[in-house]
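Any value given below was found using the heavy atoms of this structure, including those in side chains, with hydrogens, waters and symmetry copies removed. As the structure is a prediction and not an experimental result, all values here were calculated from the model. Note on naming: letters A, B, ... go to the chains in the order of the sequence lines (proteins, then strands), and numbering restarts at 1 for each one.
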Amino acid sequence: MPGRKNEVRRIQVTGYQIRKIILEQSFRAQVGHIGSALSIADIVAAIYSSVLTQRRPGEKDRHRFILSKGHAALALYAALYLKGWIQKKELDSFCSDGTRLGVHPEIGLRGVDFSTGSLGHGLAMGAGAALGARLGHSKRKVVVLMSDAECNEGSTWETAMFAAHHKLANLVGIVDLNGQQAFGYTKDVLNLQGMAARWKQFGWETHSVDGHDQKALTKILRSVKTNFGKPHLLVAKTTFGKGVSFMENQIKWHYWPINQIEYKQALKEIRD
Amino acid sequence: MLLTGDLGYTVLEPFAQQFPQRFYNVGVAEQNMVGVATGLAEAGYIPFVYSIATFASLRAYEFIRNGPMWQRLRVRIVGIGGGFEYGTLGLTHYALEDVGLFRLQPEMTVLVPVDGGQVATMLRKTWDKPGPIYYRLSKRDLPLIEELAGKFTLGKAEMLRRGKDILGITMGTMARQTLAMADRLAASGISVGVMAVASLAPAPLGQLKRELEKVGIAFTLEAHYKIGGLGTLVAEIVADNDLPCLLWRCGVEDHRGIHLGDEPYLLKQHQLTEARMIKKLVTMVKEGKKRW
């Protein structure tokens, strides 16, 4: 009964389930970017339980989700698996030779509409997708999840202006405000203080939210008005490496893979 | 749809007036323009994005590569003013590497039309083709080339003139000069064939190989760096097929130390004038006769 199995899986798109898969797969493949993926687990869970609720990934008038911070793709793959859109065997191929599941997401994998991996591209593609939806008289939303450091990229602000000017209210940007980037804390690299105020100044409707509160995130994602008007920006305050004490807010875990002892400890911590 | 990066004043207005719903001036933001076009193309639209060739190609290059190129989407990049067409506007406006850069991208169709007639045919034949396309257009309003008669076939070159001693291979607006050189050399008893390659990618590999096999001397002429463009394409064909012909590649070597001026002045500074090239070709024919 594959349909029923999918049904069971679909209701389990939770931050915990996503975290568990992130740890399992990154440990198995010995690949990093764990902290970045853990920080968006609840956001991704909220997106897939409130906006991307369609049964099949290829539905014509589906909502679009762009993981602009592509390096956190494991969180996305986990959600696609939990939705029943990719199989366990495919999930287990993460980062092995011949896989379609790389460190960054690529089109060609069921459920991925846009390839990402270079920061500062996702929002522009999302604005195009949102404009396309409007021109086609579609009610679909476009959700773009960015990292906070992605706001270092000038192109992000080019699109911020464009989307506000064209009143793309069906475009929902989310900034994962975990305060970290590859080589340091954002406050030390390029201070991003007043993130919401910056977007507001650019003409966006901003919503500040706890990025680990799936219910609060879901509520906003469901309620945003998508008619002609200001585009939406959720400033989601998160903890880098959320759920694993020794990873939280530690720069090292941007790139580092986990060993056996750390893996067991991490699994225990996210469960508790 | 047509998107412009705030350029095309006095050119794009007729389209904007006729199709206001399909025209967007996205502002001076080329990266965003290509990103938006990528999103539109994924939704099924065919956006043409327009800017000066350097900005359309270089400023947005990574967005083109990661967007429509890798994702095989129908985004059309229209770069206006190849080579030195922007004359006194200076170095920032000279598109000397655009063709080379796009030739490097495996999914890109790269088209450099010779004249307006060919542009029209090219657009009719390619506008809805899968994957991205780069159109390098001239900003000058030059008379049409009779021999071409507006012909264009994707993946083919047009033989503008037959000749048995030398084959001149050219692209874009340099076709005019190549034809003029062929006329002058004919008067000196040297028969020069002229081939215009508008489809740089997919390239007319077989056709070029066959024509190169027939001659002892070939040259390429382009308003582009000598590296990466048409000359390199032809050199690749010569090397890949062990062809015995002599190949002389004419393009822009280096722009250091050269002052500004209009296009003919700049071409002269780069030794790309008819007179200088004819002199060299005559020498090549003489030496070639000794060699073979």
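- Residue B:K129 qualifies as enclosed at atom NZ: its count of foreign heavy atoms under 6.0 Å is above 12.
- A donor-acceptor pair under 3.5 Å is absent between the side-chain atoms of B:E42 and the main chain of A:A129, judged by distance alone.
- Ring pair A:H166/B:Y24 is perpendicular by interplanar angle, where above 60° counts as perpendicular and below 30° as parallel.
- Of the listed residues (A:S138, A:S115, A:G108), the greatest number of heavy-atom pairs within a distance under 4.5 Å of chain B belongs to A:S115.
- With respect to chain A, the highest number of heavy-atom pairs below 4.5 Å among B:R22, B:M33, B:Q71 belongs to B:Q71.
- For A:F183, the CZ atom sits in a loose shell: 12 or fewer heavy atoms of surrounding residues, nucleotides or ligands are nearer than 6.0 Å.
- Around the CG atom of B:D141, the shell of radius 6.0 Å holds no more than 12 heavy atoms that belong to other residues, nucleotides or ligands.
- Proximity to chain B is absent for every atom of A:I66, based on heavy atoms less than 4.5 angstrom apart.
- Within a 6.0 Å sphere centred on CG of B:L12, heavy atoms belonging to other residues, nucleotides or ligands number more than 12.
- In this structure, B:Q21 places its CD atom where only 12 or fewer heavy-atom neighbours from other residues, nucleotides or ligands lie under 6.0 Å away.
- For A:R62, the part lying near chain B is the side chain, with the backbone staying farther off; criterion is any non-hydrogen pair under 4.5 Å.
- The choice from A:S155, A:A133, A:A163 that makes the most heavy-atom pairs within less than 4.5 Å of chain B is A:S155.
- Atom NE2 of A:H165 sits about 8.5 Å away from atom CG of B:N25, to the nearest 0.5 Å.
- Residue with the most contacts toward chain A among B:Y45, B:W70, B:F63: B:F63 (heavy-atom pairs, distance under 4.5 Å).
- From A:L123, atom CG reaches atom CD of B:Q31 across 12.5 Å, with rounding to the nearest 0.5 Å.
- Contact count versus chain A (heavy atoms, under 4.5 Å) is highest, among B:E30, B:E62, B:R72, B:M1, for B:E62.
- The environment of NZ in A:K139 is sparse: at most 12 heavy-atom neighbours from other residues, nucleotides or ligands sit within 6.0 Å.
- Summarising the local packing, CD of A:Q201 is surrounded by 12 or fewer heavy atoms from other residues, nucleotides or ligands at distances under 6.0 Å.
- Summarising the geometry of B:L40 relative to A:G128, their closest heavy-atom pair is CD2-O, 3.5 Å, with the distance given to 0.1 Å.
- Residue A:I107 touches chain B through its side chain alone, counting heavy-atom pairs closer than 4.5 Å.
- The minimum heavy-atom distance linking B:A43 with A:R140 is given by the pair CB-NH2, 3.6 Å.
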